[in-house]
Engineer: 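The structure that follows is given in the form of structure tokens.
Naming convention: chains lettered A, B, ... in sequence-line order (proteins, then strands); numbering from 1 in each chain.
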Amino acid sequence: MSKKTFYITTPIYYPSGNAHIGHAYSTVAADVIARFKRLVGFDVVFLTGMDEHGQKIELTAKDKKVTPQELVDNISSKFEKLWKILNISNDQFIRTTSNFHKKAVKKIFTLLKSKQKIYKGFYKGWYCTPCEAFWTETQLDENYKCPDCKRDVKLTKDEAYFFKLSEYSDKILQLYEKNKNFIKPASRLNEMINFVENGLEDLCISRTSFSWGIKVPNDEKHVIYVWLDALTNYITALGYMSDNNRKFESYWPADLHIVGKEIVRFHAVIWPAILMALDLPLPKKIFGHGWWLTKDSSKMSKSKGDVIDPAYLCKKYSVDAVRYFLLRQVPFGTDGTFSFEAFFKRLNSDLANDLGNLVFRLISMIERYFQGKLPEQKEAEEKDKILIHSLVSAHKKVAYNIERLSFSLALKEIFKLVTACNKYIDDTAPWKLLENKNKNIRLATILYNLCESLRIISLLLYPFMPDTSCKIRKQLTIDKTINWEDAKRFGLFKASIPITKQEVIFPRIYLEKEKL
RNA sequence: CGCGGAGUGGAGCAGUUUGGUAGCUCAUCGGGCUCAUAACCCGAAGGUCGUAGGUUCGAAUCCUACCUCCGCAACCA
């Protein structure tokens, strides 16, 4: 029985500073897809990692008086810790400073060179001596000065290796034409078409101005510059160009590269060209998500420390609050504004008031009315049907929206169910039935239906909020096995297993108590 | 004329492809309920849909002009 495979990646992040909310965003989104795909039976590889070479690292390390390796070891370990905190279920964590990656990249370079896709030429750039940095003409400011220090720059010509990107314009346009879903959302596709139609230039893929990188084989004063080093992580991680490429054979091509909108171009233009040059299949989809902006950045920076540090948010307000907010607040393709006001609002109204309170009031009634043990008998009524119908049909909409990366809509669907449950309680008014002894079974049925609802909700919620999902199941003594199929059927909840009240899942946040 | 996106009640957004009572969430106000985390449920108020023209019986939705904001315009991960 060979399961269908699914390979999903995040970008590899650049450890020149600490992880911020944008990193968390890409990674959490990828995690949701990975968890979902596993849940529906795919054999998933979920890759994330770090892009650890380059001049900026070299300079930062020098500044901090550590070696580049020490610098990246330190920062990368922080990223890894953050992924643990955020409950990221990645199968691999690649670092471009790993030996296996460096070896593979060298082989890729050599192969491309032998195929005559790489040649040696001259890189023209404007060099700023004090900054030790090269700039392209378009990067210079309006007076042709260094954009960093505003001082004079001088035109220099350096020997460098180039990749024949210019050969691929037509092929890439054909790719876009053939696969309309290659770049999502569609607005990004238009940008790329426009960009490629203007013609592609060959790509400079080596540098001599710094040394922190993979050496060019047989020409060691050159180091391989970002593209060939970073983008190829998606295949070297699977063992491409290694002694054991079994994983590569079974998982490549990637099903989905999740990237920030700022690097769509590299993934949608350069990466396919490199793969074409290597005669490898192309990834199926690139999704470029939006950015988190801060509306009132002055206020943010005034507060002590880096307040939008995702680890801090998780620690203070729970992982799932963060995961939920990021994916619920704005559509995945568009930019959003991060504000604590919005964060607290979401937390309070959706998570604490609607979901958390629902679990709490339900368990409270089960304890109070049945000493924590529901009888098995049932007495259904017409109004149950509406609730049940919306429950068993929800999985389709949720799955559909996750597949399209419309996380926000998927969550909306799930929370419609939560609202339906709260309404159902109000409509059936269990506390009134209590007065009438004959209504005991009906009362139990209502509570059963609610437990069952929460079983299904916990299942649908699992890819987004694994922690919360498990908490709900634990509180209602539902067994731990998470299986998407079980979201399609009503009636699997086992009555008569004792339930006792536990912690509140999402405590309410009181704005006035929060010091921002 | 480089390409593209956006401008809708206090806030954030959907609706524009296939014109026909302007919808959602939050906030506000009123009511209900008491199982619950001052939570839950119901109802109300609030918008001439960037501006000005045009097409049409009828336009947020189509056309024209203009204004404002934003993204892309390659070696920045």
Side-chain angles (χ1 to χ4, degrees), chain A residues 11-16 22-23 50-51 53-54 56 123 125 133-139 147 160 162-163 165 185-205 207 225-227 229-231 259-267 269-270 288 290-291 293 295 328-331 333-337 339 341-342 345-346 348-369 408-409 412 415 418-419 421-434 443 446-447 450 501 503-510:
Chain A
I12 48 175
Y13 305 113
Y14 201 61
S16 56
H23 299 122
M50 306 300 296
D51 171 21
H53 291 126
K56 210 190 257 177
Y123 174 71
F134 277 99
W135 305 103
T136 58
E137 196 153 326
T138 48
Q139 283 176 309
F162 285 81
F163 170 65
L165 183 63
S187 54
R188 308 258 166 257
L189 173 64
N190 294 334
E191 284 178 6
M192 287 310 113
I193 291 174
N194 189 243
F195 173 73
V196 179
E197 275 177 346
N198 285 331
L200 297 173
E201 287 171 24
D202 286 347
L203 189 70
C204 176
I205 52 162
R207 287 294 147 91
Y225 181 68
V226 63
W227 324 107
D229 178 4
L231 289 166
V259 299
K261 65 176 185 179
E262 76 282 9
I263 53 173
V264 166
R265 195 173 62 229
F266 312 137
H267 286 78
V269 180
I270 298 174
W291 284 348
L293 313 166
K295 202 177 213 168
R328 173 60 238 265
Q329 189 69 0
V330 287
T334 22
D335 291 348
T337 309
S339 76
E341 287 79 6
K345 234 181 217 173
R346 276 255 102 92
N348 278 344
S349 67
D350 296 0
L351 299 180
N353 295 352
D354 290 350
L355 178 62
N357 183 48
L358 171 64
V359 174
F360 195 79
R361 69 198 294 211
L362 169 61
I363 292 177
S364 176
M365 285 190 275
I366 295 173
E367 271 203 324
R368 193 184 274 228
Y369 304 154
S408 154
L409 293 179
K412 232 181 197 167
F415 275 79
V418 175
T419 301
C421 287
N422 278 320
K423 189 173 163 57
Y424 178 74
I425 295 181
D426 225 73
D427 287 350
T428 54
W431 49 92
K432 279 190 183 150
L433 299 176
L434 199 61
L443 176 57
I446 290 165
L447 299 185
L450 288 163
K501 204 181 252 180
E503 41 146 10
V504 160
I505 300 178
F506 289 105
R508 215 162 194 286
I509 307 288
Y510 294 91

Engineer: Would you confirm whether Tyr369(A), through its side chain, and Ser364(A), through its main-chain N or O, come within 3.5 Å as a donor-acceptor pair?
Structural biologist: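 Not at all, since once roles are kept as given, no pair shorter than 3.5 Å links the two residues.
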
Engineer: Heavy atoms from C-beta onward define the side chain here; which of rG71(B), rC75(B), rU37(B) lies closest to that of Phe360(A)?
Structural biologist: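 Out of rG71(B), rC75(B), rU37(B), the nucleotide with an atom closest to Phe360(A)'s side chain is rU37(B).
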
Engineer: Expressed as a whole number of angstroms, how long is the span from Ile205(A):CD1 to rA77(B):C1'?
Structural biologist: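 Taking CD1 of Ile205(A) and C1' of rA77(B), I get 17 Å after rounding.
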
Engineer: Taking for each residue the nucleotide of RNA chain B bearing the nearest heavy atom, is the 5' side occupied by Phe506(A) or by Val330(A)?
Structural biologist: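 Looking at RNA chain B, the more 5' nearest nucleotide goes with Val330(A).
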
Engineer: Using atom C1' of each nucleotide, how far apart are rC29(B) and rG46(B) to the nearest Å?
Structural biologist: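 The answer is 11 Å between these two C1' atoms.
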
Engineer: Return the value, rounded to whole Å, for the distance between atom NZ of Lys345(A) and atom C1' of rA11(B).
Structural biologist: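 Atom NZ in Lys345(A) sits about 6 Å away from atom C1' in rA11(B).
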
Engineer: Decide whether Arg361(A) and Asn422(A) meet the rule of one side-chain donor and one side-chain acceptor closer than 3.5 Å.
Structural biologist: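 Yes, because at least one side-chain N or O of Arg361(A) sits under 3.5 Å from a partner of the opposite role on Asn422(A).
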
Engineer: Output the single nucleotide from rA77(B), rC35(B), rC75(B) whose closest atom is nearest the side chain of Arg368(A).
Structural biologist: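 Closest nucleotide to the Arg368(A) side chain: rC35(B).
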
Engineer: Please confirm whether the backbone N or O of Ala342(A) pairs with a side-chain atom of Gln329(A), one donor and one acceptor, at under 3.5 Å?
Structural biologist: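 Here the side-chain-to-backbone pair does not exist.
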
Engineer: If we take the P atom in both rC24(B) and rC41(B), what is their distance in whole Å?
Structural biologist: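 Comparing P positions in rC24(B) and rC41(B) gives a spacing of 15 Å.
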
Engineer: Could you check how far CD1 of Ile366(A) sits from C1' of rA36(B), rounded to whole Å?
Structural biologist: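 Atom-to-atom, Ile366(A) to rA36(B), this comes out as 13 Å.
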
Engineer: Using a heavy-atom cut-off of 4.0 Å across all strands, would you classify Glu201(A) as base, sugar-phosphate, or nothing?
Structural biologist: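 Base contact.
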
Engineer: Checking all strands, does Tyr14(A) fall into the base, sugar-phosphate, or nothing category for heavy-atom contacts under 4.0 angstrom?
Structural biologist: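 Sugar-phosphate contact only - Tyr14(A) comes under 4.0 Å of backbone atoms but never of a base.
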
Engineer: Please state the P separation for the pair rA22(B) and rA45(B) - nearest whole angstrom.
Structural biologist: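 Going atom to atom, P in each nucleotide, I get 13 Å.
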
Engineer: Please work out if Arg508(A) contacts a base, only the sugar-phosphate, or nothing of the nucleic acid, heavy-atom cut-off 4.0 Å.
Structural biologist: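 Base: the residue Arg508(A), judged by heavy atoms under 4.0 Å, touches a nucleobase.
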
Engineer: Within the 4.0 Å heavy-atom criterion, would you say Leu200(A) contacts the bases, only the backbone, or no part of the nucleic acid?
Structural biologist: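 If one applies the 4.0 Å heavy-atom cut-off, Leu200(A) turns out to touch a base.
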
Engineer: Of the nucleotides rU25(B), rC35(B), rA77(B), which one has an atom closest to the side chain of Ser364(A)?
Structural biologist: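 Closest nucleotide to the Ser364(A) side chain: rC35(B).
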
Engineer: Which nucleotide sits closest to the side chain of Arg361(A): rU37(B), rA36(B), rC75(B)?
Structural biologist: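 For the Arg361(A) side chain, the nearest candidate turns out to be rA36(B).
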
Engineer: How close do Val264(A) and Gly288(A) get, counting heavy atoms only, and between which atoms?
Structural biologist: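 Closest approach of Val264(A) to Gly288(A), heavy atoms only: CG2-CA, 3.6 Å.
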
Engineer: Quick one: label Tyr225(A) by what it contacts on the DNA or RNA (base, sugar-phosphate, nothing), any heavy atom closer than 4.0 Å.
Structural biologist: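 Contact class for Tyr225(A): sugar-phosphate only.
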
Engineer: For Tyr369(A) and rA36(B), give me the distance from atom OH to atom C1', rounded to whole Å.
Structural biologist: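 In whole Å, rA36(B) C1' and Tyr369(A) OH are 10 Å from each other.
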
Engineer: Given atom CD1 of Ile505(A) and atom C1' of rA36(B), what is their separation to the nearest angstrom?
Structural biologist: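 The answer, rounded to whole Å, is 13 Å.
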
Engineer: Would you mind reading off the distance between Trp431(A) atom CH2 and rC35(B) atom C1', rounded to a whole angstrom?
Structural biologist: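 Distance check: Trp431(A) CH2 to rC35(B) C1' gives 6 Å.
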
Engineer: With sequence neighbours excluded, tell me which residues meet salt bridge (Lys or Arg N to Asp or Glu O under 4.0 Å) with Lys345(A).
Structural biologist: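 Salt bridge (Lys or Arg N to Asp or Glu O under 4.0 Å) list for Lys345(A), sorted by chain: empty.
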
Engineer: Any sub-3.5 Å donor-acceptor pair from Asn348(A)'s side-chain atoms to Ile509(A)'s backbone N or O?
Structural biologist: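 Side chain of Asn348(A) to backbone of Ile509(A), a donor-acceptor pair under 3.5 Å: yes, one is there.
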
Engineer: Within the structure shown, what part of the strands sits under 4.0 Å from Asp229(A) by heavy-atom distance: base, sugar-phosphate, or nothing?
Structural biologist: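 Nothing: the residue Asp229(A), judged by heavy atoms under 4.0 Å, touches no strand.
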
Engineer: Return yes if the base of rA36(B) and the side-chain atoms of Asn357(A) contain a donor-acceptor N/O pair under 3.5 Å, otherwise no.
Structural biologist: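 Present.
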
Engineer: Any idea which of rG2(B), rG71(B), rA39(B) is nearest the Lys261(A) side chain?
Structural biologist: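 When the side chain of Lys261(A) is considered, rG71(B) is the closest of rG2(B), rG71(B), rA39(B).
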
Engineer: Take Gly199(A) and Ser349(A), find for each the nucleotide of RNA chain B with the closest heavy atom, and name the residue whose nucleotide sits nearer the 5' end.
Structural biologist: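 It is Ser349(A) whose nearest nucleotide is closer to the 5' end.
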
Engineer: Select base, sugar-phosphate, or nothing to describe what Phe266(A) touches, counting heavy atoms under 4.0 Å on all strands.
Structural biologist: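 The answer is base, as Phe266(A) lies within the cut-off (heavy atoms under 4.0 Å) of a base atom.
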
Engineer: Hey, does Asp427(A) reach any base, or is it just sugar-phosphate, or nothing, if we go heavy atoms under 4.0 Å?
Structural biologist: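 Counting heavy atoms under 4.0 Å across all strands, no contact is made by Asp427(A).
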
Engineer: Between rC35(B) atom P and Leu447(A) atom CG, what is the distance in whole Å?
Structural biologist: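 After rounding, the reported distance stands at 13 Å.
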
Engineer: Rounding to the closest angstrom, what is the interatomic distance between rA60(B) and rG23(B) at atom C1'?
Structural biologist: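 These two C1' atoms come out 12 Å apart once rounded.
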
Engineer: Using the six-membered ring wherever Trp is involved, compare the ring planes of Tyr13(A) and His23(A) and label them parallel, tilted or perpendicular (cut-offs 30° and 60°).
Structural biologist: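 Plane angle over 60°, so perpendicular.
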
Engineer: Heavy atoms from C-beta onward define the side chain here; which of rU34(B), rA39(B), rC42(B) lies closest to that of Asn353(A)?
Structural biologist: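 Nucleotide nearest to Asn353(A)'s side chain: rA39(B).
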
Engineer: Just the rounded figure in Å: distance from P of rA77(B) to CH2 of Trp291(A).
Structural biologist: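 That distance rounds to 13 Å.
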
Engineer: Remember a base hit wins even if backbone is also touched, and classify Gly22(A) as base, sugar-phosphate or nothing at under 4.0 Å, heavy atoms.
Structural biologist: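 No contact.
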
Engineer: Of all the choices, rU37(B), rA77(B), rC40(B), which nucleotide is nearest to the side chain of Ile263(A) once you look at every atom?
Structural biologist: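 Output: rA77(B).
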
Engineer: Can you list everything that forms a salt bridge (Lys or Arg N to Asp or Glu O under 4.0 Å) with Arg188(A)? Sequence neighbours excluded, please.
Structural biologist: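 For Arg188(A) the salt bridge (Lys or Arg N to Asp or Glu O under 4.0 Å) partners, ignoring immediate neighbours, are Glu191(A).
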
Engineer: In whole Å, measure the gap between the C1' atoms of rA74(B) and rG19(B) for me.
Structural biologist: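 Straight-line distance between the two C1' atoms is 42 Å.
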
Engineer: Could you give me the stems involving RNA chain B, meaning stretches of three or more consecutive Watson-Crick or G-U wobble pairs whose two defining distances are both below 3.5 Å?
Structural biologist: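 The stems are B:2-7 with B:67-72, B:10-13 with B:23-26, B:28-32 with B:40-44, B:50-54 with B:62-66.
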
Engineer: With a 4.0 Å cut-off on heavy atoms, is Thr419(A) in touch with a base, just the backbone sugar-phosphate, or nothing at all?
Structural biologist: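 Thr419(A): backbone/sugar contact only, no base atoms under 4.0 Å.
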
